[in-house]
Amino acid sequence: MAGDQYFALVDCNNFYASCEKLFRPDLKNTPVVVLSNNDGCVVARSPEAKALDIPMGVPAFQIQHLVKKHGIIVFSSNYALYADLSHRVMQAIESCWPDMEIYSIDEAFLTFSSNPLPGLSMEGLAEKVQKRVLMWTGLRVSIGVARTKTLAKIANYAAKKYPATKGVVVLEEQDRIDRLLALVSVGEVWGVGRRTQEKLCRMNVRTAFDLKCANILNIKRFFNIKIGQTVEELNGSPCFTLEQTPGLKKQMICSRSFGERIKRKDDMEKAVSSFCVYVAERLRSEKLLAGRVDLFIRTSCFNKDKTSYANSCGINLDFPSDDTFYLVGLTCRLLDCIWKEGKAYSKAGVVLSVLTPGEGGRQMQLFESSLIRPQHEKVIEIMDRINREKKGKVLIASQGLGQNPWKMKQSHVSPNYTLDWRAIPIIRC
DNA sequence: TCTGGGGTCCTAGGACCC
DNA sequence: TCTGGGGTCCTAGGACCC
């Protein structure tokens with residue numbers, strides 16, 4: 001099968017924007033954009049918004065005039081809703097074909113042979129997946145099929161770009177592959193970002209076809225082995241395989257930009273304590289322990305001047321831990337090390353790393369206190385249980401109470417249609 | 001005035017050792 | 001005066017992804 005193996009990339013069309021439209025049939029032909037956390041930048045656009053030339057990643061305040069002029073509907077991001085719909089999409093795909101890797105919230109890779117099942121071609125299988133996802137979730141997917149993951153990505157790009165494909169492109173014949181690669185800018189290739197694209201263009205490598213034909217030894221010398229593998233993949237030799245079991249997480253982060261700038265240390269302490277509480281909750285839910293805590297704080301990275309400041313520091317733990325109280329205590333100590341008065345901070349984050357599995361308890365270390373931890377464990381278990389039912393119901397003291405200036409802006413958030421009984425859409429006939 | 005968050009991997013360079 | 005070379009490990013920073 002190895003010589004006859006193909007990869008398919010299944011990718012939801014305009015995923016976040018489509019999730020929002022799903023429950024708002026009144027917005028069928030209306031331009032819709034979804035903003036990043038804190039209502040910062042555009043992270044998803046409906047086809048109507050794309051037609052208005054709203055670029056990906058543009059700051060929301062820069063498109064205010066277009067929003068007014070064209071009646072664009074703006075949503076804050078609602079990740080709980082998107083995660084739930086993503087789960088349903090993945091279930092629908094898996095029900096058609098089990099050899100699947102969930103690659104991101106809206107993408108999955110599949111592997112199959114050129115004749116996946118008797119009487120079923122690769123196109124046939126792709127169409128089956130497309131129909132089932134639409135039937136089960138109401139969401140549309142595009143599918144690209146080719147010999148390697150990198151080529152499947154490009155096939156998917158074509159499936160989205162050219163409506164005549166009806167969202168399915170299967171790349172088999174070499175001359176067809178080459179013709180497509182010549183139409184694709186090198187910056188669209190998976191693994192080639194802005195920096196690499198600039199460097200490649202200076203070397204006169206402008207299209208995916210140019211990169212395919214580039215001298216691989218030179219590419220490895222001037223870039224790195226990753227880009228070298230990309231060249232091999234463009235030539236049809238697979239370097240990246242299907243990863244069905246996700247590896248152990250290496251780090252967990254909670255970071256936020258603030259709705260309002262933070263100037264006081266006690267406000268910052270509340271913010272970073274809350275970030276730490278949140279990330280420790282996730283750590284426990286994945287049954288992991290952290291061996292290191294890092295904290296970073298920074299003023300705005302735009303308008304750099306002499307008042308700008310960014311710093312970070314971290315500490316290796318003597319014993320790996322998932323204890324919120326301990327981790328928050330360390331986070332506050334780290335803040336003491338890097339806090340600088342007189343600054344207007346715009347962002348901060350807590351990073352837990354050196355993660356190890358914590359399932360089934362953990363060896364107590366020789367000099368570790370055996371008195372404190374069991375009490376903490378019980379309290380934390382109860383806090384987790386309550387907070388699972390209602391987020392943020394139980395706080396620890398350093399998180400502070402009441403309105404916090406660091407809270408995210410989320411002015412246009414939609415209801416949790418699929419997760420909250422009170423938000424279930426009502427159909428009137 | 002307003003510019004996301006959560007990840008991974010690679011590499012260069014420093015520290016250290018023999 | 002003159003001060004090696006090879007190896008490992010760790011970390012910060014860069015680049016990329018969605």
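Just so we're on the same page: letters track the sequence lines, and every chain starts at 1. Computed from a predicted model, the values in this text were never measured in an experiment.
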*Could you label the plane-to-plane angle of the A:Y16 and A:Y82 rings as parallel, tilted or perpendicular, counting under 30° as parallel and over 60° as perpendicular?*
parallel
*Think A:K407 forms a cation-pi with A:F258, using NZ or CZ under 6.0 Å from the six-ring centre and within 45 degrees of its axis?*
no
_If you assign each of A:S346 and A:N224 to its closest nucleotide in DNA chain B, which residue comes earlier from the 5' end?_
A:S346
_Out of B:dC9, B:dT3, B:dG4, whichever nucleotide has its closest atom nearest the side chain of A:F302_ = B:dT3
*Between A:F7 and A:W190, ring centroids under 6.0 Å*: no
Quiz: residues 163-172 of chain A side-chain donor-acceptor pairs under 3.5 angstrom, not counting sequence neighbours:
| residue | atom | partner | partner atom | Å |
| --- | --- | --- | --- | --- |
| A:T165 | OG1 | A:A159 | O | 3.1 |
| A:T165 | OG1 | A:Y162 | O | 2.7 |
| A:T165 | OG1 | A:G167 | N | 3.2 |

_Counting only heavy atoms from other residues, nucleotides and ligands, does the tally under 6.0 Å from NZ of A:K161 exceed 12?_
no
*Which part of the nucleic acid, if any, lies within contact of A:V34, taking any heavy atom under 4.0 Å across all strands shown: a base, the sugar-phosphate backbone alone, or nothing?*
nothing
*Where the side chain of A:W190 is defined as all heavy atoms beyond and including C-beta, which of C:dC17, B:dC9, B:dT11 is the nearest nucleotide?*
C:dC17
*Figure out the CG/P separation between A:D294 and B:dG6, and round it to whole Å.*
15 Å
*Within residues 193-202 of chain A, find the residues that approach DNA chain C with a heavy atom at under 4.0 Å, and present them sorted by residue number.*
A:G193, A:R194, A:R195, A:T196
*With heavy atoms under 4.0 Å as the rule, sort A:I225 into base, sugar-phosphate or nothing.*
sugar-phosphate
*In whole angstrom, what separates A:F223's CZ from C:dG14's P?*
18 Å
*Value in whole Å for how far the C1' atom of C:dC17 lies from CZ of A:F15*: 17 Å
*How many Å lie between CD1 on A:I105 and C1' on B:dG6, as a whole number?*
11 Å
*Charged N to carboxylate O under 4.0 angstrom, A:D336 versus A:R333?*
no
_Both A:K226 and A:Y16 contact DNA chain B. Taking the nearest nucleotide for each, which residue is further toward the 5' end?_
A:Y16
*Length of the line joining A:E188:CD and C:dC18:C1', which is rounded to integer Å*: 14 Å
*Pick the C1' atom in B:dC16 and in C:dG4, then give their distance to the nearest Å.*
15 Å
_Just to be sure I understand the rule, does A:D106 reach a base, reach only the sugar-phosphate, or reach nothing, if contact means heavy atoms closer than 4.0 Å?_
sugar-phosphate
*Any luck finding a side-chain donor-acceptor pair between A:K50 and A:N14 under 3.5 Å?*
yes
*Contacting residues from residues 244-282 of chain A, given that a heavy atom lies under 4.0 angstrom of DNA chain B*: A:K249, A:K250, A:Q251, A:M252, A:I253, A:C254, A:S255, A:R256, A:S257, A:R261, A:R282
*Taking only heavy atoms on the protein side, list every residue of residues 56-73 of chain A lying under 4.0 Å from any atom of DNA chain B, sorted numerically.*
A:P59, A:F61
*Does the cation-pi check pass for A:K263 over A:Y345, that is, NZ or CZ under 6.0 Å from the six-membered ring centre and within 45° of its axis?*
no
*A:D178 and A:K212 ion-paired at < 4.0 Å*: yes
*Thinking salt bridges, do A:E233 and A:K149 make one under a 4.0 Å N-O criterion?*
no
_Nearest-angstrom distance from the residue atom CG of A:N311 to C1' of C:dG13_ = 15 Å
*asked:* Do A:N13 and A:S142 pair up side chain to side chain, a donor and an acceptor below 3.5 Å, judged on atom types alone?
replied: yes
*Assess the side chains of A:N416 and A:N78: does a donor N or O sit below 3.5 Å from an acceptor N or O?*
yes
_Rounded to whole Å, please give me the gap between OH in A:Y79 and P in B:dG7._
13 Å
*Using only side-chain N and O atoms of A:K153, determine if any of them is under 4.0 Å from OP1 or OP2 of C:dC18.*
yes
_Rounded to whole Å, how long is the line connecting atom CG of A:D11 with atom P of C:dC18?_
8 Å
*Using modelled atom types only, decide if a donor and an acceptor are shared between the side chain of A:E101 and the backbone of A:E243 within a distance under 3.5 Å.*
yes
*asked:* Taking salt bridge (charged side-chain N to carboxylate O under 4.0 Å, His left out) as the cut-off, I'd like each qualifying pair that reaches into residues 85-96 of chain A, sequence neighbours left out, listed once.
replied: A:D84-A:R88
*Would you call the rings of A:Y417 and A:F23 parallel, tilted or perpendicular if under 30° counts as parallel and over 60° as perpendicular?*
parallel
*In which ranges does DNA chain C form stems of 3 or more consecutive Watson-Crick or G-U pairs, distances under 3.5 Å?*
B:5-18 with C:5-18
